[in-house]
Structures are given as C-alpha cells and as structure tokens.
Amino acid sequence: MSDIRHSLLRRDALSAAKEVLYHLDIYFSSQLQSAPLPIVDKGPVELLEEFVFQVPKERGAQPKEQTKDSVRQIIFSSLFSPQGNKADDSRMSLLGKLVSMAVAVCRIPVLECAASWLQRTPVVYCVRLARALVDDYCCLVPGSVQTLKQIFSASPRFCCQFITAVTALYDLSSDDVIPPLDLLEMIVTWIFEDPSILQVLMMLQVHLTEKNLYGRLGLVLFDHMVPLVEEINRLADELNPLNASQEIELSLDRLAQALQVAMASGALLCTREDLRTLCSRLPHNNLLQLVISGPVQQSPHAALPPGFYPHIHTPPLGYGAVPAHPAAHPALPTHPGHTFLSGMTFPFRPIR
C-alpha cells in the first residue's frame, strides 16, 4: 500500500480518488477468490480516508518526527561533544556562535539540541557556552537581553539547562564573578512565570524511592552549600549597616525553604550537627532555626545513620506548637509571614 500511496500523492485529488477505487477493486476481488468474507485491512481504509474523504494522513507522522529529532541529536552530539583534543577550542567557538544565532532567530530544534548537550556535557564546557551567551546578550549590546528572554516560551528545556550552566558560571568563587543585573532579572522572570525549575526537588522523593535510592544518593552536595552559606553571611554583614534587615530576613527565609525541600526530598544528605555548624554564623532567623533543629525521630531507612537527613515520613507536629513544659521553655519569637512548604513537612523541635 505504501507504493500505491506514493503514486497517489503525485496526482490531483480527483484522479487520486479514482485510482484508489480502482486499486481497491482489484484488492478485494483478489481476496474474494480466497475467502468468502474478505478482511478489510487498515491500509485500504487509510487510503480511502486520505484520498477519498480528504482526511490528512497522520499515521506515522510522530515516529517520523521522532526519527528526525534523534538523527538531529546524534549529528549535533557528533559535532560538538568535547573530545579532549586541540579541536575542542574551535568546536566550542562554533557552538557558541550557532546557539547564539539560534537564540536570535528562535530556532527551536537547535535550542533543543543545545539543551541535551548542556545536560550531558561536563560542566567546564557548559560554562563556556553560558559565558558566550551572556557576553552576546547581556554585555555587548545593551537591551539585547530581551531577545534571550523571549525564548522561554519557545524552549523551556533550553532555558532550564541555561540557568544551571549560569549557576556554575557564577559560583561565588571571587568578587569578580558577578552576574549582570539584566541576567538576574531575566532568570527571575523565567522562574516567576514557570516555577517548575524550582519544583523538581519536590518531585524527587518519589523517583528516588521508586529506584530504592532514597537516602542513598545525594544530588545536592553538602560541600556546595558551604560557599553559598558563606557568601550569604558575607553579604549580610555588608548590608547590615545599610538598614537592610528585611532583605536579609527574606534571603534567610529562602535559604531555609531551599534546605527544607532539599532535605525532605532526599536530595541533600547531611548530619544535623553539620548543618548547625554551617549555619551558626548566619544572623538569627526563625524559619532557619526550625529547619536545622529537627527532625526528632529516627530514620526508617537502614542506609542512614542516626541524626542524618532525610527521615521525613511522619506527620508534622505543627508550626508553633506549644511545648510540654511552657515554663521551662521561653517563648520563641513568632514568624507568621512564612510557613513550611505544603507537602514537605517533617517533625521538628525548637532550639533551646
């Protein structure tokens, strides 16, 4: 039937319909000679629908597109996967120009290939591509960041991988590595419009549990948290004389929420004491104190020693619960404006 279809595609609609009926006449006549009731296969029906009833053919269109996409991905990977030789510099230079142009003309297939490349390529090369795009759209031409900003709706996957690469680029290793304000505002806009870059940690617990990796595989390294907390502490010290207490409080709230979700989902594995030591130099924050003080029950996961996060499978005691002996426990200042994220609760006890 495929040969007949290719022949019909070269005809006008009327002659194609006549040709279909002619071939079906021959087809069913042949079947009647071998069986009293011919079996109507899918092929003849699809020819009738396409060339007699003028229904556009969709059968096989998606696999064909998937095949094209797979071939495109393989070619892209062959061209730009680092090989650890002298050609890598030329390879990365060409890749930066190609992706920058794809952003300018919103060429989605190239952006999707670049997203896959960013996902599986060592970070040192991802940082080079991120730097090239930041230079092109945030530094060289004022206002061109709007072009980069608009690709969010076209390729969210590329934008997600780009944010990850930018995070590695501006790793707080020195004062010179400061992201442009336009870049920060663009990423905030992206996250505000679609917070699923952020919600991935909340979905992680289910996937780790299904793979029997919950409590065994830490995806957020504790060593990576150390420079982040140190930088927050440094900035808080700098802002303290400027009457920026609200901004500092908000930053610490966000840190506490991120730590809570990372620990509850099993992405961050660390001891309670390590976490307390890490955050001990930070300014006091009610929400952060609650996060680093609990939980109080032991882990049902044999892979985790006592005192390790996460063990988050018991109902929460409730935020602001009254202690058993009020006289022995002075009241802590309340923080009504911020609560734990729904669905990511765990037992805690106030720090004494």
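Reckoned from all heavy atoms, side chains included, excluding hydrogens, waters and symmetry mates.
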Does L118 belong to the same Ile/Leu/Val/Met/Phe/Trp/Tyr cluster as I75, with side-chain heavy atoms less than 4.5 Å apart forming each link?
-> yes
Rounded to the nearest 0.5 Å, how far apart are OG of S153 and CH2 of W190?
-> 10.5 Å
Does P82 offer a backbone N or O that forms a donor-acceptor pair with the side chain of R91 under 3.5 Å?
-> no
For the student: nearest non-hydrogen atoms of R128 and M92, plus distance | NH2-CB, 3.8 Å
Report the residue from D194, I191, L111, I151 that forms a side-chain contact (heavy atoms from CB on, under 4.5 Å) with C159.
-> I151
So if you build clusters from Ile, Leu, Val, Met, Phe, Trp, Tyr with side-chain heavy-atom gaps below 4.5 Å, do L79 and L94 land together?
-> yes
Okay, side chain of T189, backbone of E185: is any donor-acceptor separation there less than 3.5 Å?
-> yes
If you count the non-hydrogen atoms of other residues, nucleotides and ligands that lie under 6.0 Å from OH in Y22, is the total more than 12?
-> no
Within one Ile-Leu-Val-Met-Phe-Trp-Tyr cluster: V124 and L95, side-chain cutoff 4.5 Å | yes
Mark yes when over 12 heavy atoms from residues, nucleotides or ligands other than R131 sit less than 6.0 Å from its CZ; otherwise mark no.
-> no
Using a 4.5 Å cut-off on heavy atoms from C-beta on, say whether the side chain of P179 contacts that of V166.
-> no
Single-linkage hydrophobic cluster L140~L181, side-chain heavy atoms < 4.5 angstrom | no
Residue pair L184, Y170: steps toward the side-chain contact (heavy atoms from CB on, under 4.5 Å) verdict | CA-CA 11 Å; L184 290 176; Y170 301 104; over 6 Å; no
Measure the spacing between CD of E112 and CD of Q73 and express it to the nearest 0.5 Å.
-> 8.0 Å
Closest non-hydrogen atoms of V291 and A256, given as atom of the first, atom of the second and distance, are CG2-O, 3.7 Å
Tell me, with the steps shown, if L290 and N286 meet side-chain contact (heavy atoms from CB on, under 4.5 Å).
-> CA-CA 6 Å; L290 291 175; N286 292 336; 5.7 Å; no
Check: A132 main-chain N/O paired with Y137 side-chain donor or acceptor under 3.5 Å = no
Flag yes if more than 12 heavy atoms outside E193 fall under 6.0 Å of its CD atom; otherwise flag no.
-> yes
Charged N-O contact under 4.0 Å between E238 and R234 = yes
Mind running side-chain contact (heavy atoms from CB on, under 4.5 Å) on V110 and M101 for me, showing each step along the way?
-> CA-CA 10 Å; V110 177; M101 183 178 297; over 6 Å; no
Side-chain contact, heavy-atom cut-off 4.5 Å: Q150 with C106?
-> no
Pick out which of I248, L252, I292 makes a side-chain contact (heavy atoms from CB on, under 4.5 Å) with L282.
-> L252
Verify the neighbour count for atom CZ of R157: are there more than 12 heavy atoms of other residues, nucleotides or ligands below 6.0 Å?
-> yes
Okay, side chain of Q83, backbone of S81: is any donor-acceptor separation there less than 3.5 Å?
-> yes
L9 and E50, any side-chain heavy atoms less than 4.5 Å apart | yes
Just checking, any donor-acceptor pair under 3.5 angstrom between side chains of T277 and D274?
-> no
After noting the C-alpha distance and the side-chain angles of L208 and K211, does the key distance pass the side-chain contact (heavy atoms from CB on, under 4.5 Å) rule?
-> CA-CA 5 Å; L208 289 177; K211 303 292 185 181; 5.9 Å; no
Identify the heavy atoms of S144 and C138 that sit nearest to each other, and give their distance.
-> OG-N, 4.4 Å
From CG (L133) to OG (S100), nearest 0.5 Å | 6.0 Å
Looking only at heavy atoms, what is the nearest atom pair of H284 and E249, with distance?
-> O-OE1, 4.1 Å
Rounding to 0.5 Å, atoms CD (Q260) and CG (L268) come to a distance of 12.5 Å
Mark yes when over 12 heavy atoms from residues, nucleotides or ligands other than N243 sit less than 6.0 Å from its CG; otherwise mark no.
-> no
Value rounded to 0.5 Å, distance of CD1 in I232 from CG in L288 = 9.0 Å
Could you state whether L47 and L21 fall into the same hydrophobic cluster, counting links through intermediate Ile, Leu, Val, Met, Phe, Trp or Tyr residues with side-chain heavy atoms under 4.5 angstrom apart?
-> yes
Side-chain touch F162/F152, heavy atoms, less than 4.5 angstrom = no
Check whether any side-chain heavy atom of L129 sits under 4.5 Å from a side-chain heavy atom of Y125, and report yes or no.
-> no
Do the non-hydrogen side-chain atoms of K18 and L14 ever get within less than 4.5 Å of each other?
-> yes
Can you name the closest pair of heavy atoms from D88 and G84 and give their distance?
-> OD2-N, 2.7 Å
Taking W117 for its side chain and S77 for its backbone only, find out whether a donor-acceptor pair lies under 3.5 Å.
-> no
Distance col, row S251:OG vs N233:CG, nearest 0.5 angstrom, shows 12.0 Å
Within a strict 4.5 Å, meaning less than it, do heavy atoms of the M225 and L259 side chains meet?
-> yes
Kindly give the heavy-atom pair with the smallest separation between C270 and F222, and that separation in Å.
-> CB-CD1, 3.7 Å
Side-chain contact test, heavy atoms from C-beta onward, threshold under 4.5 Å: evaluate it for V226 versus E230 and give yes or no.
-> yes
